[in-house]
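We use all heavy atoms of the structure for the numbers below, so side chains are in, but hydrogens, waters and symmetry mates are not.
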Amino acid sequence: MDDTIIWIIIIGFYAPLHYLPPILMVLFKTTNENRSKMIRDTVIDCTASMVLAFGLVALVGLENMLLAMFILLLAIFLPY
């Protein structure tokens with residue numbers, strides 16, 4: 001399979017895992033008054049950490065799949 005297709009699949013599965021748990025935590029742990037601001041801040045934080053993680057993976061090299069997956073696994077916990 002082509003590497004581009006593999007990375008599209010990885011991003012497709014990684015993004016929901018990266019965004020959904022922190023946003024759900026905000027939904028369950030905040031009040032109505034500050035919920036929209038907290039969700040916006042969480043989305044910005046998740047986006048920044050995801051861009052940083054994939055940037056680091058691109059620097060390391062997309063061919064080293066084991067190291068790339070380890071970096072992405074560690075980056076999932078950054079928004080927490």
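Contact check for Ile71 versus Phe54: no side-chain heavy atoms found under the 4.5 Å cut-off.
Met50 CE to Ile11 CD1: the interatomic distance, rounded to the nearest 0.5 Å, is 7.0 Å. The structure places CD1 of Ile23 at 10.0 Å from NE2 of His18, a figure rounded to the nearest 0.5 Å. Between Leu52 atom CG and Thr47 atom OG1 the span is 12.0 Å, to the nearest 0.5 Å. In this structure, SG in Cys46 is found 11.0 Å from CD1 in Ile39, a value given to the nearest 0.5 Å. How far CG of Asp41 is from CE of Met38: 6.5 Å, rounded to the nearest 0.5 Å. If you take CG on Asn64 and CE on Met69, they are separated by 10.0 Å, rounding to the nearest 0.5 Å.
Hydrophobic cluster membership differs between Leu27 and Ile44, with clusters built from Ile, Leu, Val, Met, Phe, Trp and Tyr side chains linked at under 4.5 angstrom. Taking hydrophobic clusters as Ile, Leu, Val, Met, Phe, Trp and Tyr residues chained together by side-chain heavy-atom distances below 4.5 Å, Phe70 does not share a cluster with Ile6. Neither Trp7 nor Leu74 shares a network with the other; the hydrophobic side chains, linked directly or stepwise wherever heavy atoms of I, L, V, M, F, W or Y lie under 4.5 Å apart, form separate groups for each. Connection of Leu72 to Ile8 is not established within any shared hydrophobic cluster, with ILVMFWY side chains joined at heavy-atom distances below 4.5 Å, either directly or through further cluster members.
Closest approach of Ile10 to Met65, counting heavy atoms only: CD1-SD, 4.1 Å. Minimum heavy-atom separation, Ala75 to Ala53: CB-CB, 3.3 Å. Closest non-hydrogen pair, Leu73 versus Phe77, comes out as O-CD1, 3.5 Å. Val43 and Tyr19 get closest at one heavy-atom pair: O-CE2, 3.8 Å.
Cluster partners of Leu59: none. The rule joins Ile, Leu, Val, Met, Phe, Trp and Tyr whenever side-chain heavy atoms lie under 4.5 Å apart, and it links nothing here.
With hydrogens and angles left out, the side-chain atoms of Asp45 and Thr42 include no donor and acceptor closer than 3.5 Å.
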